[in-house]
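Notes to accompany the following structure.
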Amino acid sequence: MRALDLEYMWGLVPVLLGYVPLTLFMALVGMVCALVLASLMAVERVFRVPLLDIFVRLFISFFRGTPLLVQLFLFYYGLPQVLSVMTNINGVTATIMGLTLHFSAYMAESIRAAILGVDRSQWEASQAVGMTQVQMMSQIILPQAARVAAPTLVNYFIDMIKGTSLAFTLGVTELMGATQKEAAGSFLYFEAFLVVAAIYWIMVEVLAFAQRHLETYLNKAHAR
Amino acid sequence: MTSSSGISVSGLTKVFGTTTVLKDISIDIAPGERVVVIGPSGTGKSTLLRCLNFLDRPDSGTIRVGDLRIDAKTASGADILALRRRTSFVFQNYALFANKTARENISQALITVKSLSRSEANARADAILRETGLADKADVYPAALSGGQQQRVGIGRAMALDAELMLFDEPTSALDPEWVGEVLDLMRRVAEERQTMLIVTHEMQFAREIADRIIFMADGHIVEQGPPAQLLDLPQDDRTKAFLRRVG
Ligand SMILES: Nc1ncnc2c1ncn2[C@@H]1O[C@H](COP(=O)(O)OP(=O)(O)OP(=O)(O)O)[C@@H](O)[C@H]1O
Ligand SMILES: [Mg+2]
């Protein structure tokens, strides 16, 4: 057993922190896109639009049923061979696409369950005052479902942040890729990966802190 | 407070599974008339009210509210929306929007359905909150209101819509006894303004006071109807007599 090279680790911190923005960028863009897509799919699943419903169910089934890494390889290495518009896809775009589609499938199911959990009285009152279905969903049902789904959705966001590390397999020099390169240069693998683990961990903890505030905000209507 | 015009229901039928809950119901209600529906449990009183705004879709019959006439068999989504916008509904369990404050519960539909500006809608909501004695609760969420307060907001939300027909489904029967009085008082005030109302209630004293007409329903039929003095004191049908004996 040898001692940790603390000086090396300390020096690595600012280098790796430089890659945090790219990681957060991929996760954030992926999250926003996934939320929009998942909400649309969840609403579709609740109302069961004929035909579209089959497509959405197939989509959810496929993206939940296959590994994220396989999906990323499909988009980045596979699709360009069959779709000419994909020829110039870069690793960052492919990662965001993969994260969006993969996590939207999971999130759609959580949001759907949350929508179905909203009390029947809320749907009936919305209809009774003469709201259209769009008004009912946007003003009453989805905001209440959001409160229920929020903790689960934040957990998916945490998974997504960690999932961005797979981008290095598509040749993107993001946090994980950069660590890999540094470690390969110094041969101090343990130190390097310890630093990057700490950076991911801290990011997730900051998010967990924000989550508590988000939940207090979403629960304000239920405080007595 | 509202421009009323007549309501006419004809041949309304509703089937749940294999049981026919409403059997060929016909009712005419004059503008400003206050009609109370009474009858045993499971008779179809709630279903009647819910069919009148399509919370339950009737299987057949026609409903006319003012100049809007719709046929249950052919009603489109737009017809149903138009009907709902001419009626308002007060629920037994209040059904306030849980994610909206008392003020927002009243102003929400004014903004989204009646296209009022936010400030106009809020001003109207505040006026109604004052009228219902809830001015100090404007920014409170339903979870923090008593049952009586929630139901007064529920009635306020319905009042704000200026509907041609206000439907009340047992508005006091989920309340602790201590809150019943304040809700009935508010309904009396609505009734005094000659709002057209169709009320299902078990509050016989209240019905006697405010009703122009009482309808006794049993088994999905209208058994008999008439002014309170006639129906409550000189009932003709044996079922009406038996029911009135039971409710005292
Ligand atoms: N969604 C439904 N599905 C199946 N049956 C229903 C449904 N709603 C009501 N029913 C049945 O229809 C009948 C009439 O019910 P309804 O609630 O209209 O009675 P009610 O007169 O309002 O009774 P109460 O005084 O207890 O409120 C009952 O037998 C009830 O079980
Ligand atoms: Mg009932």
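In what follows, chains are A, B, ... by sequence order, proteins preceding strands, each numbered from 1.
In terms of heavy-atom pairs under 4.5 angstrom with chain B, the leader among A:K220, A:Q122, A:Q135 is A:Q122. If you tally non-hydrogen atom pairs under 4.5 Å between each of B:L83, B:N93, B:T87, B:T112 and chain A, the highest count goes to B:T112.
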### Task
Decide yes or no on side chain to side chain contact (heavy atoms under 4.5 Å, CB included) for B:Q151 and B:L186, but give the supporting numbers first.
CA-CA 10 Å; B:Q151 192 57 298; B:L186 178 56; over 6 Å; no

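Using a 4.5 Å heavy-atom cut-off against chain A, the contacting residues of residues 97-110 of chain B are B:F97, B:A98, B:N99, B:K100, B:Q108, B:A109.
Salt bridge status for B:D126 with B:R130: absent, with no side-chain N to carboxylate O gap under 4.0 Å. With salt bridges taken as basic N to acidic carboxylate O contacts below 4.0 Å, one links B:D67 and B:R86.
Interface residue B:L96: only backbone heavy atoms are found under 4.5 Å from chain A. Both the backbone and the side chain of A:Q139 come within contact range of chain B, each with at least one heavy atom under 4.5 Å from a heavy atom of that chain. Within the 4.5 angstrom heavy-atom criterion, no atom of A:R147 approaches chain B.
Classification of the A:F75-A:F63 ring pair by plane angle, with boundaries at 30° and 60°, yields parallel. Between A:Y77 and A:F73, the ring planes lie perpendicular to each other; the angle is over 60°, past the 30° to 60° tilted range.
No side-chain donor from either of B:T62 and B:D71 sits under 3.5 Å from a side-chain acceptor of the other.
In this structure, B:R152 contributes its side chain and B:T132 its backbone to a donor-acceptor pair below 3.5 Å. When atom types are taken as modelled, the side chain of A:K162 and the backbone of A:Y200 share no donor-acceptor pair closer than 3.5 angstrom.
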